[in-house]
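In each ligand, atom 1 is the first atom listed, and ligand 1 is the first ligand listed. Side-chain atoms are counted along with the backbone in the values below, which use heavy atoms only and exclude waters and symmetry mates. Keep in mind the model is a prediction, meaning the values are calculated, not measured.
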Amino acid sequence: MANTKYIFVTGGVTSSLGKGIIAASLAKLLQARKFNVTIQKFDPYINVDPGTLNPYEHGECFVTDDGAETDLDLGHYERFLNNSTSQENNVTTGRVYQSIIQKERKGDFLGKTVQVIPHVTNEIKERMMLLGKSGDYDFVITEIGGTVGDIESLPYIESVRQLVWELGKENTVVIHLTLIPFLSATGELKTKPTQHSVKTLMESGLSADVIVCRTEYELSNDLKLKLALFCNVKPEAVIQSIDVETIYDVPLEMLNEGLDKVVLDKLGVISKNKPDLKDWNLFLNKLKNPKKSVKVGLIGKYVELKDSYKSILESLIHAGAINETNVEVITIHSEHLNKKNISDKLKLLNGLIVAPGFGQRGVEGKIEAIKYSREKKVPFFGICLGMQMAVIEYARNKLKFSKANSTEMDSKCDFPVIDLMESQKKIKSKGGTMRLGAWSCKLLNGSRVKEIYKNEIISERHRHRYEFNNRFTDKIFNDEFKIAGINPETSLVEIIENVKHPWFVGVQFHPEYKSSVSNPHPLFLDFVKSCVINYDANTN
Ligand code: GLN
C-alpha cells in the first residue's frame, strides 16, 4: 500500500486509560491484516527522555536496540507487534526544544523570533512524519501522551490539527480515548465527561473521528447513539473498551467492536485480508488455561509501583503461557529482607528474580535473597544489578572475600568485583550516557545459556554503567561459578552461571526488553520451566 496513513490517538477525562494498549491493539489488528504498521509516542514533558526519571514517576524506562531510553508504552508496542522500535518512536517536549534551541544557536532561523507556532509545531510535525517518510509503513500510529486540555499538550494537538489539514482527512484519523464513569449511587454510566473532553479537543480545532470509551460496564446502544450524536461521530465509531482480564484480550475486544474496520473505512482503505489472529488466540488460550501454577519472587526496590518492572512482568506472562503455567509474581521489597526473615519471606517461592536497579538502597536485601536461592537451590535469575549482586554474594559468602562490593555502592571499596566501565569514567552528565542498546554476546561452549538460546552469538539490550571487573576473573570464577557469555569486542562479562545449581543465571543485559507475544524470550521460558521443576519437586 504505502501511501502512508496517519492515525492519532489522544486521551481525555483522565490519564492512565491505556492509550498505549489501544494504539498497540489497533496496530496488531492492522498488522494481522498484513499491513505494515509502526507506533510512536509523543510525550509532553520537558525531560529530553525518560532515562533520568525515577521509576516511581513514569514506571520502567524501556530501551530500544539503538539505545533510546523511552517511555514504557514502546514496550507494549514491541510486545504486541514483535517489531523493533527506535529513537524516532519516542519524542518528548524536551527533545523538541533541545533541537530547536540548537538550531537557534547555529543561526538556522535567520534572525526570526523563535515561537511555539510555527517553530515548535513544525519541529513536532516533522518528527510525526519522519517514520512515515521512510515509505516502510502503511500506517503510522501516533500516541499523544497526557490528556487534552493540559497546557503542555497544546502544541501537540495543534500540530495534529495542522497535519490533518495538510495531509487531508482521507489520510488521517483521530481517535479519542475517554472514560465513561459509572455512578454507583444512581447505577448509571455517565457520558458528560466524554462530551466535555471532545469539546475541549474541538476548541483546539480538532475533531475526533472515533471515540474509544473505557468502561467497567457494557455500553447500551442508546448510550452509544447519544455519544455519537453529541460527539459528532458516526454511531459505529463509538467503540466500547470494557475492562478485561488481560491486556492481551484488548485486540480481540477491538476487533469485536470493529475499531480496525471503522479506521479503514474512514481512510478509504480496502483490506482483502481478514485479521489473522491464529497465533494470538493460541497464546491467549494457553495463557487462560494454565495446567500448573508457580510462585516467582520479584525482588527489587521499586515494587510499590508495578509499572517499574513492566517488561519483566510481561516477559513472565509470555513465558508462563508457553509453559502452560500460571506465574504468580510475588513482589518483595528488598529493603525489607534481612538475615533473620529471609527464610520466612522466600520459603514458598519456586524461583527468584533479582531486579535491575541503581544505588545502595536495598542491595543488602538482594544479596541475602541471592544467598538463599544459591544455598537452597531455588531457581535464580539476576538481571543487570541482579547479576552484579550475584557476583558480590558469591565472592563474599562462598569465597569469603568479605570486602567484595561494587564501586557504585562504595567508591573506595578494597575488593571492587563490580566497577565502573573504563568508558564511563570520564562521563559526568547523566542523560543518555549509560552503556545503552543492543550489544552482541558470545555464549561459551558447555554453558546452560548456549543450550537455551541454541545460538552462539546473541544480541541483547543494555542499560548500565558498571560491569564485572575483569581484574578479578581468576579469583571469582571456578568450576562452579562460571562466565557463560562475553562481549566479543570488549571482553566484558555479560552472563554468569552457577553450574552446580538447578538454575542460576545472571545477565548484565535486559532480556525483558526483547520478549514479545509471538517471540517469548528463551531465558524467561527456561527460567519458568525450572520453576515448574522446583514446584513439582516440592509438592510430590
Ligand atoms: N546500577 C547498575 C549499573 O549501572 C545496574 C543497572 C541496572 O540494573 N540497569 O551498572
Note to self: Assess whether a salt bridge exists between Glu335 and Lys301, defined as any Lys/Arg side-chain N lying under 4.0 Å from an Asp/Glu carboxylate O.
What the structure shows: no
Check: Is the closest heavy-atom distance from Gln388 to ligand 1 below 4.0 Å?
Finding: yes
Margin query: Show the atoms of ligand 1 that are less than 4.0 angstrom away from any heavy atom in Arg463.
Written below: 6 (C), 7 (C), 9 (N)
Notebook entry, point to check: When Glu494 is tested against each of Arg461, Arg435, Lys442 for salt bridge (Lys or Arg N to Asp or Glu O under 4.0 Å), which residue passes?
Noted result: Arg435
Checklist line | Identity and separation of the nearest protein heavy atom to atom 1 (N) of ligand 1 | finding: Glu408 OE1, 2.7 Å
Notebook entry, point to check: Do you know the tightest heavy-atom contact between Ile39 and Asn89?
Noted result: O-ND2, 2.7 Å
Check: Do any heavy atoms of His510 fall under 4.0 Å from ligand 1?
Finding: yes
Note to self: Which residue in the set Phe527, Phe524, Tyr248 passes ring-ring contact (aromatic ring centres under 6.0 Å, His included) when paired with His318?
What the structure shows: Tyr248
Note to self: Could you identify the single nearest non-hydrogen protein atom to atom 10 (O) of ligand 1 and state the distance to 0.1 Å?
What the structure shows: Tyr466 N, 2.8 Å
Checklist line | Atom NZ of Lys377 with >12 non-hydrogen neighbours under 6.0 angstrom | finding: yes
Check: What protein heavy atom sits nearest atom 5 (C) of ligand 1, and how far off is it?
Finding: Gly357 O, 3.3 Å
Check: Which heavy atom of the protein is the closest neighbour of atom 4 (O) of ligand 1, given with residue, atom name and distance?
Finding: Arg465 N, 3.0 Å
Notebook entry, point to check: How far apart are the closest heavy atoms of Glu88 and Gln40, and which atoms are they?
Noted result: O-OE1, 3.8 Å
Next item on the list: Identify, by atom number and element, the atoms of ligand 1 in contact range of Pro356, meaning under 4.0 Å from any of its heavy atoms.
Entry: 7 (C), 8 (O), 9 (N)
Item checked: Greater than 12 external heavy atoms within 6.0 Å of Trp439's CH2 -> no
Margin query: Suppose we measure from atom 7 (C) of ligand 1 to each protein heavy atom; which comes out shortest, and what is that distance?
Written below: Cys384 SG, 3.0 Å
